[in-house]
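Report on the structure given below.
Proteins get letters first, then strands, A, B, ... in listed order; numbering begins at 1 in each.
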Protein chains: 2
Amino acid sequence: METIRQPDLTRQRILEASFKEIHRHGFQAASIANILADTGLTKGALYHHFPSKKALGLAVVDEMVGVRLNERNIRPLHAAAHPAHTLIELLGDKQHQDEEYIRLGCPLNNLMQEMSPVDEAFRIRLTHILERWQLAFEEALRRSQMAGEVRKEVNCHAAALFIVSAWEGCTGIAKNMQSVDVYRACMSQLQSYVASLLQN
Amino acid sequence: METIRQPDLTRQRILEASFKEIHRHGFQAASIANILADTGLTKGALYHHFPSKKALGLAVVDEMVGVRLNERNIRPLHAAAHPAHTLIELLGDKQHQDEEYIRLGCPLNNLMQEMSPVDEAFRIRLTHILERWQLAFEEALRRSQMAGEVRKEVNCHAAALFIVSAWEGCTGIAKNMQSVDVYRACMSQLQSYVASLLQN
DNA sequence: GACACAACATACCAATCGGTATGTAATCGC
DNA sequence: GCGATTACATACCGATTGGTATGTTGTGTC
């Protein structure tokens, strides 16, 4: 009975199962037992790779939540020729209109709302992710501003903060109403807000 | 040893302690033991007034969260002579800038984010509260629209949805950043959005 | 090939959870 | 005043929680 061992891969499997479990139930209600049942592993494996449930949660924040947000919502802006327009397109992206994603909500927002008042370590890491996101929007607006596409009296920093906030607000409301239509209607209003920052 | 009994009052005390506990830790992580310790009562008392933790939570939603929102964010709009302007003032209300309120977040939003995907009974009641709120904004905008204060091409329904969403988004982000300044900056942007709906 | 260590599995633990069964005292109806 | 019922208090319960101690097996190293 020889069983192959791939520690890096099992670690990743634990992270993915934990991400799913946390996305469904939140961190505090996330059950180690469920994660183990999902992966088919046992406690020995999990506590070999992660010293505690909290450490596992923080790893999920950094290596899953943060990375996914980078790939989906930040990277597209970096290569954009007309960042502000790419931003508006991003707000209407079909990627975010997935049924289950709307039902379960934005993983970043979920964790922020749950953990921020409860655990400082979580809060700080989540804030860092949030700030990277906000900064990406700010730079996108500023680049478009220098290109004359965004009105020059616009406060890009404050606008970026508001866009991130409103985005999370829309996903949160749509999550409660369990409606893709609500999500679209809400994000459409946000799009027109961003459009109001443009020239003409 | 005669102890006076005021069942209505003890029920209210349980509700208030539960509201505090839930506001701090969320519903699922809220501890019955903590609530009892806070009130000085015992399990016998609590389970006499409420059949289960879930029923207690739903009562908190209806009798505490819903009522508070009515008094603070809806009633002020009913008597307003210029509803849209009252709405803008409401967004800058000092009442919502209380330190602890920002640290712990909006009770309605907290519960929506936590409970919507997990429990349908919670979701429905929270949605009702949310819809009443949205409707109050919609009617405020519409009244101002008929008075010629809000531009007539504005979609009041969609705008109200967005205002509620963005508001909750702002409180959520400020809660994570634990900053009254962030809250103010964010709500200020929302104010200017609403202002952009006005005539001229 | 033997030794060392990493990568797991198994079994167990105390603490906490929501909930219940039972007991007791205050209050209300007559 | 007396029985019935309401309003609690006390003690207990099974289930689940995150965590640990110990065992076993694969794997790289010399």
Geometric cation-pi criterion B:Lys53 and B:Phe27, 6.0 Å radius, 45° cone: yes

Results of ring pair (Phe, Tyr, Trp, His ring centres under 6.0 Å) for A:Phe50 - residues two or more places apart only: none

Distances under 3.5 Å only, N/O to N/O: pair up the protein atoms with those of nucleotides 15-17 of chain D.
unit_1: D:dT17; atom_1: OP1; unit_2: A:Ser31; atom_2: OG; d: 3.2

Side chain B:Lys43, main chain B:Leu36, donor-acceptor under 3.5 Å: no

Length of the line joining B:Gln6:CD and D:dT6:P, which is rounded to integer Å: 19 Å

Any residue meeting side chain to side chain contact (heavy atoms under 4.5 Å, CB included) with A:Leu135, in chain and number order, not counting sequence neighbours: A:Glu138, A:Glu139

A:His23: partners by ring pair (Phe, Tyr, Trp, His ring centres under 6.0 Å), with sequence neighbours left out: A:Phe19

Closest contact, heavy atoms only, A:Leu197 versus A:Ala159: CD1-CB, 4.0 Å

Please list, for nucleotides 9-12 of chain C, all pairs of protein and nucleotide N/O atoms separated by less than 3.5 Å.
unit_1: C:dA9; atom_1: OP2; unit_2: A:Thr42; atom_2: N; d: 3.0
unit_1: C:dA9; atom_1: OP2; unit_2: A:Thr42; atom_2: OG1; d: 2.6
unit_1: C:dA9; atom_1: O5'; unit_2: A:Thr42; atom_2: OG1; d: 3.3

Euclidean distance, atom CZ of residue B:Arg11 to atom P of D:dC8 [Å, nearest integer]: 12 Å

Whole-Å gap separating C1' (C:dG19) and CG (B:Leu56): 13 Å

Closest to the A:His48 side chain, choosing from D:dC8, D:dG19, C:dA7: C:dA7

Output a table of donor-acceptor pairs, distance under 3.5 Å, between side-chain atoms of residues 95-112 of chain B and any protein atom two or more places apart or on a different chain; print 'none' if there are none.
unit_1: B:His96; atom_1: NE2; unit_2: B:Asn73; atom_2: OD1; d: 3.1
unit_1: B:Gln97; atom_1: OE1; unit_2: B:Arg184; atom_2: NE; d: 2.7
unit_1: B:Gln97; atom_1: OE1; unit_2: B:Arg184; atom_2: NH2; d: 3.4
unit_1: B:Gln97; atom_1: NE2; unit_2: B:Gly92; atom_2: O; d: 3.4
unit_1: B:Asp98; atom_1: OD2; unit_2: B:Glu100; atom_2: N; d: 3.4
unit_1: B:Asp98; atom_1: OD2; unit_2: B:Tyr101; atom_2: N; d: 3.2
unit_1: B:Glu100; atom_1: OE2; unit_2: B:Arg24; atom_2: NH1; d: 3.4
unit_1: B:Asn109; atom_1: OD1; unit_2: B:Gln113; atom_2: NE2; d: 3.2
unit_1: B:Asn110; atom_1: OD1; unit_2: B:Lys175; atom_2: NZ; d: 2.9
unit_1: B:Asn110; atom_1: ND2; unit_2: B:Leu104; atom_2: O; d: 2.7

Ion pair B:Arg123/B:Glu120, N-O distance below 4.0 Å: yes

Nucleotide C:dC8, atom P - distance to CD of A:Gln12 in whole Å: 14 Å

Partners passing ring pair (Phe, Tyr, Trp, His ring centres under 6.0 Å) against A:Tyr183 (at least two apart in sequence or in another chain): none

B:His78: partners by side chain to side chain contact (heavy atoms under 4.5 Å, CB included), with sequence neighbours left out: B:Ile74

Qualifying residues under side chain to side chain donor-acceptor pair (under 3.5 Å), relative to A:Arg151, sequence neighbours excluded: A:Glu153

Validation row, ring centre A:Phe162 to ring centre A:Tyr193 under 6.0 Å: yes

Side-chain N or O of B:Ser52 closer than 4.0 Å to phosphate OP1/OP2 of C:dG18: no

Inter-end axis angle, the helix from C:dG1-D:dC30 to C:dC30-D:dG1, with every axis fitted to five base pairs (rounded, 10 degrees): 20°

Nearest listed nucleotide, side chain of A:Arg5, among D:dG18, D:dT25, D:dC8: D:dT25

Nearest-Å distance for atom pair CD/P, residues B:Glu21 and C:dG18: 9 Å

Using a cutoff of under 3.5 Å, can you pull out all pairs of nitrogen or oxygen atoms linking the protein to nucleotides 28-30 of chain C, with atom names and distances?
none

Most 5' of A:Lys54 and B:His49 on DNA chain D, judged by nearest nucleotide: B:His49

Separation of D:dT22 P from A:Tyr47 OH (nearest whole Å): 18 Å

Length of the CZ-C1' vector between B:Phe50 and C:dG18, whole Å: 16 Å

By side chain to side chain contact (heavy atoms under 4.5 Å, CB included) - contacts of B:Ala147 (at least two apart): B:Glu149

Minimum heavy-atom distance between B:Ala84 and B:Leu198, given as atom pair plus value: CB-CD2, 3.9 Å

